[in-house]
Number of protein chains: 2
Amino acid sequence: MARKARFDMQQFFQALGDNTRLRLLNLMGEREVCVCYFVEILGAPQPKISRHLAYLRNAGIVSARREGKWMHYRIVMPPHVGATQILRQTLDWLEEDKAMQSDRARLTKACCSPAKYDLEGAPLPAAVSEQCCEAC
Amino acid sequence: MARKARFDMQQFFQALGDNTRLRLLNLMGEREVCVCYFVEILGAPQPKISRHLAYLRNAGIVSARREGKWMHYRIVMPPHVGATQILRQTLDWLEEDKAMQSDRARLTKACCSPAKYDLEGAPLPAAVSEQCCEAC
DNA sequence: GCAATATATATGCTTTAACAAATATGATTG
DNA sequence: CAATCATATTTGTTAAAGCATATATATTGC
């Protein structure tokens, strides 16, 4: 099971070339988010979410961390400066998009009242680096 | 036949998610290049080249100009700042890649002695903005 | 000047592989 | 056993490659 030799540019862009995956990246941003939140916010079947997260993980764009029953996903910057800048630019671009803004707004709402979103007891999204979640 | 309403992010990344198309973009860079050069440098069947160029054109990343028998392709910056920056960054990234450098080197060589590359009479690549081709 | 032809490029068609969605099932943890 | 998430399977769609052919322009012969 050899690790990937070099960062695969083609695979990187293919991973970005799907709207569901763009929505997932948009929801993560600088935070670490639990799978159950993705399912709830996107309103998509859980296997679909898992598969797209696996695709992103395989492309080296996100990483997963287990915490008990829950899996947390976060964006990891690729091991290449160019890819990192492209990814950042992409996230900026997503922020301007109406639909993406709506997704993030719903996530914020769900964070503040998880019970209403069938997210009782689920771990809240948390900022990955230093600052805490500005909404909650 | 309605024109595309907005710039399609998914389609944009899908267009970048193919190695042949990345090679084509790499060869264009700031120049306008004739199809026959692509065919010669990539060593691929002409229909394959044409089809990938059509894909890029459809995604709004390149434009075509006819000059007699020949078709010239160039990169056009997308109507969105984010996409433009990503495209530029991608081109910078390509410049660092060994295989891409080799492609560009062969293009330069072919420019300087078209006869050796079965490119007799074909129009040379030309810079799109102001400066002339630095190699020829 | 016009028909025939050659050159450059695009498109149609077929096969095959990748991928997305949906459903069912398996694995891990509490 | 329940909850969370991942994976297997099937099906339909997209897309890539290869081959043949069509289109557009230029050139040649008469």
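Throughout, a chain's letter reflects where its sequence line sits, starting with A, and its residues are numbered from 1. What you see below is based on every heavy atom in this structure, not just the backbone, and it leaves out hydrogens, waters and symmetry mates.
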**Student:** Of all the nucleotides listed (dA16(D), dT4(D), dT9(C)), which has the minimum atom distance to the side chain of Trp70(B)?
**Tutor:**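 Among dA16(D), dT4(D), dT9(C), the one nearest the side chain of Trp70(B) is dT9(C).
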**Student:** Could you state the CZ-C1' distance from Arg65(B) to dT25(D), rounded to the nearest angstrom?
**Tutor:**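 In whole Å, dT25(D) C1' and Arg65(B) CZ are 15 Å from each other.
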**Student:** Quickly work out the Met71(B) CE to dT11(C) C1' distance and round it to whole Å.
**Tutor:**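 My rounded result for the distance is 13 Å.
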**Student:** With sequence neighbours left out, which residue pairs that include part of residues 15-36 of chain B fulfil the ring pair (Phe, Tyr, Trp, His ring centres under 6.0 Å) condition?
**Tutor:**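 Applying ring pair (Phe, Tyr, Trp, His ring centres under 6.0 Å) to every pair that reaches into residues 15-36 of chain B, excluding sequence neighbours, yields nothing.
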**Student:** Do nucleotides 22-30 of chain C as a string where each nucleotide becomes B, S or -: B if the base has a protein heavy atom under 4.0 Å, S if just the sugar-phosphate does, - if no protein is that close.
**Tutor:** SBB----SS
**Student:** Determine: side-chain N/O of Tyr55(A) to OP1/OP2 of dA18(C), distance under 4.0 Å, yes or no.
**Tutor:**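 False: Tyr55(A) side-chain N/O out of range (4.0 Å or more) of dA18(C) OP1/OP2.
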**Student:** Within this structure, what is the CG-to-C1' distance between Asp18(A) and dC19(C), rounded to whole angstrom?
**Tutor:**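 Rounded to whole Å, this separation is 9 Å.
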**Student:** In terms of the angle between their ring planes, are Trp93(B) and Phe12(A) parallel, tilted or perpendicular, with boundaries placed at 30° and 60°?
**Tutor:**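 If you compare the ring of Trp93(B) with that of Phe12(A), the planes turn out perpendicular.
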**Student:** Rounding to an integer number of Å, can you tell me how far Leu42(B) CG sits from dA17(D) P?
**Tutor:**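 In whole Å, dA17(D) P lies 11 Å from Leu42(B) CG.
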**Student:** Quick check against the 3.5 Å criterion: does Arg104(A) have a side-chain atom that pairs as donor or acceptor with the backbone of Glu95(A)?
**Tutor:**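 Here the side-chain-to-backbone pair exists.
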**Student:** For Leu56(A) and dC19(C), give me the distance from atom CG to atom C1', rounded to whole Å.
**Tutor:**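 So the CG-C1' distance, Leu56(A) to dC19(C), works out to 14 Å.
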**Student:** Please name all residues satisfying salt bridge (Lys or Arg N to Asp or Glu O under 4.0 Å) with Arg74(B), sequence neighbours left out, ordered by chain then number.
**Tutor:**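 For Arg74(B), the residues satisfying salt bridge (Lys or Arg N to Asp or Glu O under 4.0 Å) (neighbours in sequence not counted) are Glu32(B).
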**Student:** Any pair with a residue in residues 46-61 of chain B that passes salt bridge (charged side-chain N to carboxylate O under 4.0 Å, His left out), sequence neighbours left out, goes on the list, sorted by first then second residue, please.
**Tutor:**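 Sorted pair list comes back empty.
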**Student:** Measure from the side-chain N and O atoms of Arg106(A) to the backbone N and O of Ile41(A), and report whether any donor-acceptor pair falls under 3.5 Å.
**Tutor:**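 Present.
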**Student:** For DNA chain C, what dot-bracket results from Watson-Crick or G-U pairs at under 3.5 Å, with [ ] for crossers and | for inter-strand partners?
**Tutor:** ||||||||||||||||||||||||||||||
**Student:** Between Glu67(B) and His72(B), is there a donor-acceptor pair closer than 3.5 Å when you use the side chain of the first and the backbone of the second?
**Tutor:**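 Absent.
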**Student:** Quick one: Gln11(B) CD to dA15(D) C1', roughly how many Å, whole number?
**Tutor:**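 In whole Å, dA15(D) C1' and Gln11(B) CD are 13 Å from each other.
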**Student:** Between dA17(D) and His52(B), is there an OP1 or OP2 to side-chain N/O distance shorter than 4.0 Å?
**Tutor:**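 Indeed, a polar side-chain atom of His52(B) lies that close.
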**Student:** Taking Ala127(B)'s backbone N and O only, do any of them form a donor-acceptor pair with Glu30(B)'s side chain (distance below 3.5 Å, no angle check)?
**Tutor:**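 No, because the side chain of Glu30(B) does not come within donor-acceptor range (under 3.5 Å) of the backbone of Ala127(B).
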**Student:** Does anything in residues 38-67 of chain B pair up under ring pair (Phe, Tyr, Trp, His ring centres under 6.0 Å), and if so which pairs, sequence neighbours excluded?
**Tutor:**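 For residues 38-67 of chain B: none.
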**Student:** What is the nucleic acid contact for Tyr73(A), judged by heavy atoms within less than 4.0 Å: base, sugar-phosphate only, or nothing?
**Tutor:**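 The residue Tyr73(A) makes sugar-phosphate contact but no base contact.
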**Student:** Between dT7(D) atom P and Ile49(A) atom CD1, what is the distance in whole Å?
**Tutor:**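 Computing the Ile49(A):CD1 to dT7(D):P distance gives 15 Å.
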**Student:** For Leu53(A) and dA20(C), what is the distance between atoms CG and P respectively, to the nearest whole Å?
**Tutor:**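 Answer to the nearest Å: 13 Å.
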